[in-house]
**Student:** 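My questions will all concern the structure given below.
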There are 2 protein chains.
Amino acid sequence: MVEEGLEAKVERFRAGLREIERAVRARTRSEALCCGVTVAQCHAITEIGEAGELTLKELAARLGLDASTLSRTVEGLVREGLAARTPALRDRRAVQIALTGKGRTALDRIQSTWGDICAEMLRGLPPEKSEALVASVALAARTLAGCCPGECGTGGPGGRAQER
Amino acid sequence: MVEEGLEAKVERFRAGLREIERAVRARTRSEALCCGVTVAQCHAITEIGEAGELTLKELAARLGLDASTLSRTVEGLVREGLAARTPALRDRRAVQIALTGKGRTALDRIQSTWGDICAEMLRGLPPEKSEALVASVALAARTLAGCCPGECGTGGPGGRAQER
DNA sequence: CTTTTTTAGTTGCTATATACAATTATTGTA
DNA sequence: TACAATAATTGTATATAGCAACTAAAAAAG
């Protein structure tokens, strides 16, 4: 059903995505260790930093994680003085989360590490190629995130995973 | 230190990589659930399937994880009849790991799901663009995986992460 | 304005994922 | 043969994550 040649491309594409996932994960881990934070904290710091200030719910939505998970992650950040939780003015149920000075320092370090890696990658390319690379990655990200996240179809072979 | 305009590209690039990581993770999770396996099992199945047969050590190296982790993951696959462990002939310490028929069925399903997603993404593009996308992703993967995985530099702000 | 429902966050519990250290069996080497 | 290196497993600890139950607050119904 797919045109000639697409299959092979799909295979390479898929392999590339898996490698990216792995590499990004590994790099995030070592970087987090360097900065003295956990991986989850690293992700949270990045998002909080980008947003400036947001509620727990917003943060959870951005990261695609459960609020309870983020509640604990933020708890850790607060405990270590990297983020501050202040009750929201307009809704006393909500909390506003923002980075402290120390948190911003950590963010700077995370960003510069990643910036170096990415710059290194882009610097090796002529401008039009690097532009194409950036655009492609953005496209892949958007498409992956977008299309039908909850489909499942075709009741498969497995059954449930863990029986205990 | 970087030429004009590169900074902005780096920012977009970095954001794209993070989104890809997140999307791939989310998709892998839902797909794993559908197939009745865990995420870790899903990764392992894919690698075992690609290799045909390999030792635990090789599998761990490919996935960039500790052997003990893979030992348990494979234990689960074996328990559920998705993989088989046979003692290696030339080295009785080692085990050869391969998929069973059921494991191959699961792999087929995982691959076809991913194939559909990737094909969907590529089909929307003219051939030269899709080729560029695939090449870009491969480049990004290679570069990310390659360059200096263990550097750390600049003793940062944090200290250790969790003090308890 | 009270009652009901919805929402934001936290906490208890559980499962998954992972690493490091110690152990065992085996292989290779001095 | 004694000793060092290696492949796998197991013990233990931690991080990550979701769901369910709960609390407090806000919003909607009446």
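When reading the values below, keep in mind they use all heavy atoms of this one structure, side chains included, and skip hydrogens, waters and symmetry mates. Treat the numbers as computed from the prediction; the structure is a model and nothing was measured. Numbers restart at 1 for each chain; the letters A, B, ... are given by sequence-line order, proteins then strands.
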**Student:** Choose from C:dT18, D:dG18, D:dA8 the nucleotide whose nearest atom is closest to any side-chain atom of B:Leu56.
**Tutor:** D:dA8
**Student:** Can you tell which of D:dG18, D:dG11, D:dT9 lies closest to the side chain of B:Arg85?
**Tutor:** D:dT9
**Student:** Any side-chain N or O of A:Thr69 less than 4.0 Å from the OP1 or OP2 oxygen of D:dG18?
**Tutor:**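 Checking D:dG18 against A:Thr69, a side-chain N or O does come within under 4.0 Å of OP1 or OP2.
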**Student:** Tell me whether A:Arg22 is salt-bridged to B:Glu21, with the criterion being a basic N under 4.0 Å from an acidic carboxylate O.
**Tutor:** no
**Student:** Take A:Ala94 and A:Ser68, find for each the nucleotide of DNA chain C with the closest heavy atom, and name the residue whose nucleotide sits nearer the 5' end.
**Tutor:** A:Ala94
**Student:** Does B:Ser71 have a side-chain nitrogen or oxygen under 4.0 Å from the phosphate oxygens OP1 or OP2 of D:dT9?
**Tutor:**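 Checking D:dT9 against B:Ser71, a side-chain N or O does come within under 4.0 Å of OP1 or OP2.
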**Student:** When you check every protein heavy atom under 4.0 Å of nucleotides 23-30 of chain C, what one-letter string (B, S, -) results, 5' to 3'?
**Tutor:** --BBS---
**Student:** For nucleotides 1-3 of chain C, tabulate all protein N/O to nucleotide N/O atom pairs closer than 3.5 Å, reporting atom names and distance.
**Tutor:**
none

**Student:** Both A:Val39 and B:Ile97 contact DNA chain D. Which one's nearest nucleotide lies toward the 5' end?
**Tutor:**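 Of the two residues, B:Ile97 wins.
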**Student:** Would you call B:Arg85 and B:Glu75 a salt bridge, using N to O less than 4.0 angstrom?
**Tutor:** yes
**Student:** Out of C:dA17, D:dT16, D:dA8, which has the shortest distance to the side chain of B:Ala40?
**Tutor:** C:dA17
**Student:** Between A:Thr38 and D:dT16, does any side-chain N or O lie under 4.0 Å from OP1 or OP2?
**Tutor:** yes
**Student:** Please check: side-chain N/O of A:Lys102 versus main-chain N/O of A:Glu80, any donor-acceptor pairing under 3.5 Å?
**Tutor:** yes
**Student:** Salt bridge or not between A:Glu50 and B:Arg18? Use side-chain N to carboxylate O under 4.0 Å.
**Tutor:** yes
**Student:** Is A:Arg12 salt-bridged to B:Glu131, cutoff N-O under 4.0 Å?
**Tutor:**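 Salt bridge: yes.
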**Student:** Is a side-chain N or O of B:Gln41 found less than 3.5 angstrom from the main chain of B:Thr38, in a donor-acceptor match?
**Tutor:**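 Yes.
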**Student:** Which listed nucleotide (C:dG9, C:dT18, D:dG18) is nearest to the side chain of A:Arg72?
**Tutor:**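 Nucleotide nearest to A:Arg72's side chain: D:dG18.
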**Student:** Quick one, which residues of residues 42-52 of chain B touch DNA chain D with a heavy atom under 4.0 Å?
**Tutor:** none
**Student:** Measure from the side-chain N and O atoms of B:Thr143 to the backbone N and O of B:Leu139, and report whether any donor-acceptor pair falls under 3.5 Å.
**Tutor:**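 Pair found, side chain donor or acceptor close to backbone of B:Leu139.
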**Student:** Indicate, with yes or no, if B:Val78 and B:Leu54 share a hydrophobic cluster defined by side-chain heavy-atom contacts under 4.5 Å among Ile, Leu, Val, Met, Phe, Trp and Tyr.
**Tutor:**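 Yes: a chain of side-chain contacts under 4.5 Å links B:Leu54 to B:Val78.
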**Student:** Quick check: is A:Val39 connected to B:Val24 through a chain of hydrophobic side chains (ILVMFWY, heavy atoms under 4.5 Å apart)?
**Tutor:** no
